[in-house]
Amino acid sequence: MHHEINLDKLDQLKKGDPENMLEALSGLPTQCQDAMQRARAVNISFAADFKNILVTGLGGSAIGGDFLRVYGYRKCTLPILVNRDYNLPSFVNEQTLVLAVSYSGNTEETLSAYEEAKLKKAPIVALTSGGQLAERAKKDGIPLILIPSGLQPRAATGYLFLPLLVVLEKLSLLSDIAAEIEETIAGLADLSKAISAQVPTENNPAKQLALRFYNKIPVIWGVAGTTETVAMRWKGQINENSKALAYFNVLPELNHNEIVGTEVPEKFLRELEVVFLRTEDDHPRVQKRFDITKEIIGERVGGISEVWGDGKNPLARMFALTYLGDCTSAYLALLYGIDPSPVKLITLLKNKLAELPEA
Ligand code: F6R
């Protein structure tokens, strides 16, 4: 099959990736260390008696909130919700911790939600690299975690997720996170070597997966409470990096609907490449569900692969799989001869909206 770029030719990879997405990805473990330092250095304390936590943001800045939500299932006694909108849900009040996240600091939905949180007198923490959000937080005397600019938001996951954990720890809403985070970063450093551009396809699981996805429609199936956000992230990264269509869903829910939708149209079903995201943290019955699902749909779709998240703890396993998906999506972009970095259609849409009068 013809590929625009040979993944084992470093000069071709470099030429196809002029804004260095692969380099940004290989810097993730260092980014995570820096993110921890920056967040730990900020003074955060509120008198509030918190009842719930809300992360507000969009796209690459919201997904950190979803990782936090899933992490919170195991570790946090308060409900954590993610808001991807101009408005806030009506339960938000002075007992809601609002984490306003925008990498650029200029996303209009997030700025609108920030203003609404202020009106509702919710304690707010801002996480951004600058822009309006940083300006407003400084002016309003709101704790601000500043991260470096110059990355694509989706390549700044360390900066956009780990500080949220640190904020919750500082406010005693989470405890004992240090060891888990350290193991996670160490795991990412090992994985970074295993799936980097220098490692040839025959030993590189990210390059191998990219080849399986080439000219197919990736369908990513994760698991509620463990890899649900990872599955959503794989889809988003394939969309934004590879500029390709992709879908995701989660078990056990998909066993109650999507599995039935694998009979017609046959010609499209053959084009699907289904990937199961698995970890030892999945419920034992879900493990069985994966096996049975594979038996049932194996003949109906183009291909099925399974990838396992390895690591010393659930957070490490979640991030190992996330990182694998990030690198796979960048390699897939390169196979198509597509520059993984720019997201022209998001920029076009934001520019068109900026030309309109404010509502
Ligand atoms: C681009 C990306 C987008 C942005 C989103 C919100 O890499 O990932 O999904 O994250 O358009 O923008 P920010 O993150 O600046 O608030």
Side-chain angles (χ1 to χ4, degrees), residues 17-25 27-28 31 35 38 54-68 82-88 98-117 124-137 142 144-164 229-246 248 322-323 325-330 332-334 338-354 356:
D17 179 23
E19 293 179 44
N20 304 316
M21 178 60 79
L22 287 175
E23 202 180 302
L25 285 173
L28 185 68
Q31 179 190 124
R38 283 169 187 261
L54 185 109
V55 183
T56 193
L58 277 297
S61 293
I63 195 106
D66 278 309
F67 283 123
L68 183 73
V82 183
N83 188 63
R84 291 177 161 85
D85 194 8
Y86 291 86
N87 301 115
L88 294 180
V98 172
L99 303 162
V101 187
S102 169
Y103 185 73
S104 63
N106 291 324
T107 296
E108 63 177 37
E109 299 94 313
T110 313
L111 291 171
S112 156
Y114 171 89
E115 293 303 326
E116 197 174 318
I124 309 173
V125 177
L127 173 60
T128 180
S129 72
Q132 273 289 315
L133 186 59
E135 292 289 306
R136 294 188 197 183
I142 274 163
L144 168 66
I145 303 171
L146 259 186
I147 52 179
S149 57
L151 290 166
Q152 283 288 339
R154 61 191 185 281
T157 315
Y159 286 128
L160 293 167
F161 167 65
L162 291 173
L164 307 181
T229 301
V230 185
M232 181 203 268
R233 167 77 175 182
W234 276 54
K235 176 226 180 313
Q237 289 291 78
I238 295 167
N239 295 151
E240 291 186 67
N241 288 340
S242 329
K243 281 71 174 173
L245 205 54
F248 85 98
T322 301
Y323 198 29
D326 285 3
C327 293
T328 299
S329 66
L332 180 60
L334 290 159
I338 281 175
D339 181 350
S341 294
V343 276
K344 283 191 203 129
L345 296 184
I346 297 180
T347 313
L348 175 73
L349 196 121
K350 286 183 179 176
N351 290 343
K352 279 187 180 288
L353 274 165
L356 300 176

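Counting convention: from 1, in listed order, for ligands and their atoms alike.
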Provide, to 0.1 Å, the distance between [atom] and the closest protein heavy atom, together with that atom's residue and name.
| atom | answer |
| --- | --- |
| atom 8 (O) of ligand 1 | E240 OE1, 3.0 Å |
| atom 7 (O) of ligand 1 | R154 NH1, 2.6 Å |
| atom 15 (O) of ligand 1 | S104 OG, 2.6 Å |

Interatomic spacing from [atom1] in [X] to [atom2] in [Y] - rounded to 0.5 Å:
| X | Y | atom1 | atom2 | result |
| --- | --- | --- | --- | --- |
| T128 | L160 | OG1 | CG | 9.0 Å |
| N351 | L356 | CG | CG | 11.0 Å |
| R154 | S61 | CZ | OG | 11.5 Å |
| T157 | F67 | OG1 | CZ | 6.5 Å |
| T56 | E109 | OG1 | CD | 9.0 Å |

Identify, by atom number and element, the atoms of ligand 1 in contact range of [X], meaning under 4.0 Å from any of its heavy atoms.
| X | answer |
| --- | --- |
| S102 | 13 (P), 15 (O), 16 (O) |
| K350 | 5 (C), 6 (C), 11 (O), 12 (O) |
| G59 | 9 (O), 10 (O) |
| T107 | 6 (C), 12 (O), 13 (P), 15 (O), 16 (O) |
| S61 | 10 (O), 13 (P), 14 (O), 16 (O) |

For L334, the option from D339, D17, N241 that meets side-chain contact (heavy atoms from CB on, under 4.5 Å):
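Of the listed residues D339, D17, N241, the side-chain contact (heavy atoms from CB on, under 4.5 Å) partner of L334 is D17.
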Would you check whether G60 has a nitrogen or oxygen atom less than 3.5 angstrom from a nitrogen or oxygen atom of ligand 1?
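Yes; at least one N/O pair falls below 3.5 Å.
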Criterion side chain to side chain donor-acceptor pair (under 3.5 Å) on Y86 and E108, from CA distance to verdict:
CA-CA 7 Å; Y86 291 86; E108 63 177 37; 2.4 Å; yes
May I ask whether L58 places a heavy atom under 4.0 Å from ligand 1?
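A heavy atom of L58 does come that close to ligand 1.
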